[in-house]
Amino acid sequence: MYIIGLTGGIGSGKTEALKILQGLGGSIIEADLLTHQLYAPGQDAWHDIVSIFGRSILTTKQQINRHRLGEIVFTNTEKLRELNQIAHPRMLSLLKELIEQHRMSGTKLLIIEAAILVEARWNEIVDSVWVVEASKETVIQRLEKKKKLTRLQIAQRIATQISQTERRKSADIVIKNSGTKSQLASQITQLLIAKNLKLGISENYGN
């Protein structure tokens, strides 16, 4: 089994890249979705987060309001550090369990998508790190349109992440994504073909 760690900054388009990789035959794990499992009421992480951030971050159904939690950690680096100390080790254990399940089931190509892949040192559990990048203006336009964020909110979120330069240090592949979805699909398809990982998908996929 070959494991790709797919990462990139906010607004880089890594989610779209993940969809393309899945369409090309890869199995996927989305780290962001796993946080829903970790943060579920009654879980150890839920108790630890509530003990630090208080019950004001909970919804009426006692679920963690991730938007409200984000407003706190994206403006307070110490709180972000505390959250990461709770979530990262548990996430790594869960990722390892899922990787083993895929290995046992005969998965040939597995893609783990995680924005914090490099920061959390999860790159150690993958075979290759693929970093998706986009120009600053492209990122801003995407976040303003899709997530309805202000430029201040965008700047705050970018400030909590490592720089593109730091990500590139851990990258085996850098994918430029300031163009169209078709261009992105073509780029990814050619990368898989070059690595003999296309899993029988046509070379014209995405064209």
- Under 3.5 Å, side chain of Gln43 to main-chain N/O of Ala40, donor-acceptor pair present? no

- Item | Side-chain (Lys147) to main-chain (Glu144) donor-acceptor, under 3.5 angstrom | no

- Task: Sequence neighbours left out, what passes side-chain hydrogen bond (donor to acceptor under 3.5 Å, both in side chains) with Glu78? Give chain and number order.
- Result: Arg81

- Query: Hey, are the side chains of Arg142 and Asn177 touching, using non-hydrogen atoms and a 4.5 Å cut-off?
  - Reply: yes

- Task: Give me the other members of the hydrophobic cluster that Val118 sits in, counting Ile, Leu, Val, Met, Phe, Trp and Tyr linked by side-chain heavy atoms under 4.5 Å, directly or via other members.
- Result: Ile162

- Query: Thr189 side chain to Ala185 main-chain N or O, any donor-acceptor pair under 3.5 Å?
  - Reply: yes

With a cut-off of 3.5 Å and sequence neighbours excluded, list every side-chain donor-acceptor pair involving residues 65-75.
| residue | atom | partner | partner atom | Å |
| --- | --- | --- | --- | --- |
| Asn65 | OD1 | His67 | N | 3.1 |
| Asn65 | OD1 | Arg68 | N | 2.9 |
| Arg66 | NH1 | Thr35 | OG1 | 3.4 |
| Arg66 | NH1 | His36 | NE2 | 2.8 |
| Arg66 | NH2 | Asp32 | OD1 | 2.5 |
| Arg66 | NH2 | Thr35 | OG1 | 3.0 |
| His67 | NE2 | Glu71 | OE2 | 3.2 |
| Arg68 | NH1 | Ser56 | O | 2.5 |
| Arg68 | NH1 | Leu58 | O | 3.4 |
| Thr75 | OG1 | Glu71 | O | 3.0 |
| Thr75 | OG1 | Ile72 | O | 3.2 |

- Query: How is the hydrophobic cluster of Val139 composed, in terms of its other members, when Ile, Leu, Val, Met, Phe, Trp and Tyr link through side-chain heavy atoms under 4.5 Å apart, directly or indirectly?
  - Reply: Ile10, Ile140, Leu143, Leu149, Ile154, Ile158

- Would you name the heavy atoms of Val174 and Gln187 that are closest together and state the gap between them? O-OE1, 4.2 Å

- Smallest heavy-atom separation, Val131 atom then Ala171 atom, equals CG2-CB, 3.5 Å

- Query: Are side-chain heavy atoms of Ile188 and Ile175 found at a separation under 4.5 Å?
  - Reply: yes

- Query: Under the salt bridge (Lys or Arg N to Asp or Glu O under 4.0 Å) rule, what pairs show up with a residue in residues 159-172, not counting sequence neighbours?
  - Reply: Glu133-Arg168, Glu166-Lys169

- Specify the closest pair of heavy atoms between Tyr39 and Ile49, including all atoms of both residues, with the distance to one decimal. CE1-CD1, 3.4 Å

- Message: Strictly distance-based, threshold 3.5 Å: is any side-chain N or O of Gln164 a donor or acceptor partner for the main-chain N or O of Ala134?
- Response: yes

- Of the options Ile4, Leu6, Ile28, which is the one that meets Glu113 in a side-chain contact (heavy atoms from CB on, under 4.5 Å)? Leu6

- Message: How close do Met91 and Leu34 get, counting heavy atoms only, and between which atoms?
- Response: SD-CB, 3.6 Å

- For Pro89, the side chain to side chain contact (heavy atoms under 4.5 Å, CB included) test, sequence neighbours excluded, returns none

- Query: Among all residues two or more places apart in sequence or in another chain, which pass the side-chain hydrogen bond (donor to acceptor under 3.5 Å, both in side chains) test with Thr59?
  - Reply: none

- Identify, with sequence neighbours excluded, every residue that meets ring pair (Phe, Tyr, Trp, His ring centres under 6.0 Å) alongside Trp122. His88

- Query: Can you list the residues that meet the side-chain hydrogen bond (donor to acceptor under 3.5 Å, both in side chains) rule with Gln62, with sequence neighbours excluded?
  - Reply: Arg55

- Pairs in or reaching into residues 123-147: which pass ring pair (Phe, Tyr, Trp, His ring centres under 6.0 Å), with residues at least two apart or in two chains? none

- Interatomic distance, Lys19 atom NZ to Leu24 atom CG [nearest 0.5 angstrom]: 14.5 Å

Which pairs of donor and acceptor atoms, one on a side chain in residues 96-104, lie under 3.5 Å apart (sequence neighbours left out)?
| residue | atom | partner | partner atom | Å |
| --- | --- | --- | --- | --- |
| His102 | ND1 | Thr107 | OG1 | 3.0 |

- With sequence neighbours excluded, give me every salt bridge (Lys or Arg N to Asp or Glu O under 4.0 Å) pair touching residues 33-49. Asp48-Arg90

- Query: When rounded to the nearest 0.5 angstrom, what is the spacing between CG in Leu152 and CZ in Arg157?
  - Reply: 9.5 Å

- Inter-residue atom distance Lys108.NZ - Ile3.CD1, 0.5 Å rounding: 16.0 Å

